[in-house]
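Below: one structure, written as structure tokens.
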There are 2 protein chains.
Amino acid sequence: MKKISAVKAFGGMQYVYSHPSQACHCDMTFAIFLPPQAETRKVPVLWYLSGLTCTHQNVMDKGEYRHIAAELGVALVCPDTSPRGDAIPDEKDNWQFGQGAGFYLDATEQPFARNYNMQRYILSELPEVLKAGGFALDFERQGIFGHSMGGHGAITLALKNPGHFGSVSAFAPIVQPSTADWSRPAFEKYLGADEAFWRAYDATLLIEDGFRVNELLVDQGSADPFLENGLKPWLLEEACQKADIPLTLNMREGYDHSYLFISTFMADHIKWHAERLA
Amino acid sequence: MKKISAVKAFGGMQYVYSHPSQACHCDMTFAIFLPPQAETRKVPVLWYLSGLTCTHQNVMDKGEYRHIAAELGVALVCPDTSPRGDAIPDEKDNWQFGQGAGFYLDATEQPFARNYNMQRYILSELPEVLKAGGFALDFERQGIFGHSMGGHGAITLALKNPGHFGSVSAFAPIVQPSTADWSRPAFEKYLGADEAFWRAYDATLLIEDGFRVNELLVDQGSADPFLENGLKPWLLEEACQKADIPLTLNMREGYDHSYLFISTFMADHIKWHAERLA
């Protein structure tokens with residue numbers, strides 16, 4: 001593991017590291033914020049999964065999570081959204097596929113299957129890297145959240161791994177990527193033409209298939225340009241209703257899809273997680 | 001005036017505008033955050049002047065000012081740090097001079113005097129642009145602060161314009177640019193070789209020359225790499241002591257010169273201004 005930067009903020013430390021990844025066969029970069037409480041005890045871990053086109057850095061720069069994470073004593077881990085590098089298969093001009101668009105799945109199709117294994121990376125490899133790094137993290141208390149593609153990632157990973165995450169929430173998640181225009185082409189390239197295999201990476205279909213979380217918090221801006229065609233939170237609402245999953249869906253009047261929306265409701269989400277991970 | 005963006009955040013609106021500038025003879029860009037209170041009444045105006053290499057955008061992305069500005073009902077205006085454009089004289093590889101390094105002065109030397117008039121721009125032109133724009137701003141209640149070169153700008157503009165700003169503070173300001181290695185070359189190019197003319201743009205020398213503010217708040221990181229050679233807050237401390245200016249100088253253990261330092265203490269500064277502009 002290589003330390004890229006270590007900067008004091010809000011009494012804690014904002015780090016960026018890179019490390020060689022077995023799951024993705026490339027060097028991966030992640031950000032981790034340790035609150036001041038981590039100096040004396042192990043703190044809960046909150047995983048933040050970013051959206052399309054983002055790296056670890058967008059939320060680190062614009063997410064405004066440190067003041068509340070420092071207050072409540074929660075660590076935030078912010079991974080990248082895909083494998084990276086000249087050797088990684090990519091479609092340079094396509095922001096909805098390839099680098100920056102890993103969709104938190106494990107690809108089965110060539111030439112992507114060797115590198116695009118973000119599900120395995122997030123669930124298994126990066127936790128081991130963090131444990132080996134000796135950070136003061138309590139892996140018995142993990143929560144997960146994210147934005148857009150990362151909101152989809154958070155919900156699907158929580159659904160498929162009961163007990164692994166004590167809390168899950170999302171900002172403007174893609175709730176049904178297997179039917180949305182902006183994700184179907186990526187799913188076909190990563191997972192092949194047989195849509196039956198896509199269900200394992202689709203939040204609403206996983207719920208239909210019997211997967212469950214205890215409860216779910218979602219914030220969604222009403223002025224989000226992707227609301228009608230890509231995000232469709234009502235599909236999640238319907239699925240949760242049928243499955244008796246308590247969903248708090250906050251429609252936020254006038255907010256868009258940007259980090260100005262996310263940062264506005266960041267403190268609410270971190271409080272919600274901290275209560276459930278206490 | 002041309003609206004570049006308008007995004008809802010923390011119940012208020014974060015805008016970016018550009019406009020043709022008479023003072024700088026180019027198009028200038030600025031950010032303005034209006035808190036929710038501005039929907040029903042005029043709110044105090046807090047000017048934030050950025051440091052070397054920055055535009056209006058660095059603090060907008062990383063400053064974390066909106067949550068507290070929205071809570072306290074203060075508007076933030078964040079101008080650019082210099083004139084910009086292909087026609088503007090510049091030294092491309094020099095981050096301490098030219099574009100991104102206007103030093104909030106009015107240049108007297110050619111070829112810079114036509115464009116590098118950031119003092120006039122901030123004090124006279126941009127306020128007129130904002131008034132003409134019809135924003136709900138109370139120009140009887142203005143405060144000013146900034147970072148590094150912008151901290152220097154804030155202090156010097158407040159010193160030279162008694163009564164204009166009701167409050168002034170700075171993060172890691174350059175307190176004596178006329179003697180610091182990283183600003184002397186810029187001062188010579190903008191203002192000429194006669195150092196007597198530099199005193200009008202030097203915080204500690206202005207205080208020596210009898211200029212006053214009611215009080216001053218400064219936060220400075222102890223791990224700031226520019227502390228010893230460029231910033232030297234003890235020179236300001238000495239000048240304020242001699243001049244009986246109440247200075248609160250907070251040395252912040254372990255903090256550097258970045259926006260992770262600034263954002264940590266942003267809420268403290270905005271509260272301090274809001275109290276004085278109430």
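Naming: A, B, ... by sequence-line order, numbering from 1 per chain. All values below were derived from every heavy atom in this structure, side-chain atoms included, with hydrogens, water molecules and symmetry-related copies excluded.
- Ser258(A) and Val7(B) make their closest contact through OG-CG1, 3.8 Å (heavy atoms, listed as atom of the first residue, atom of the second, distance).
- Ranked by non-hydrogen atom pairs under 4.5 Å with chain A, the options Met60(B), Glu64(B), Lys62(B), Arg66(B) are led by Glu64(B).
- Most heavy-atom pairs under 4.5 Å with chain B: of the set Ala267(A), Ser263(A), Ala223(A), Gly11(A), this distinction falls to Ser263(A).
- The local environment of CD in Glu39(B) is sparse, with at most 12 non-hydrogen atoms from other residues, nucleotides or ligands closer than 6.0 Å.
- Rounding to the nearest 0.5 Å places CZ of Phe10(A) at 8.5 Å from CZ of Phe265(B).
- Contact annotation for Gln14(A): only side-chain heavy atoms (C-beta onward) come within less than 4.5 Å of a heavy atom of chain B.
- Both the backbone and the side chain of Asp61(A) come within less than 4.5 Å of a heavy atom of chain B.
- Contact record, Lys8(A) with Glu253(B): NZ-O, 2.7 Å, taken as the closest heavy-atom pair.
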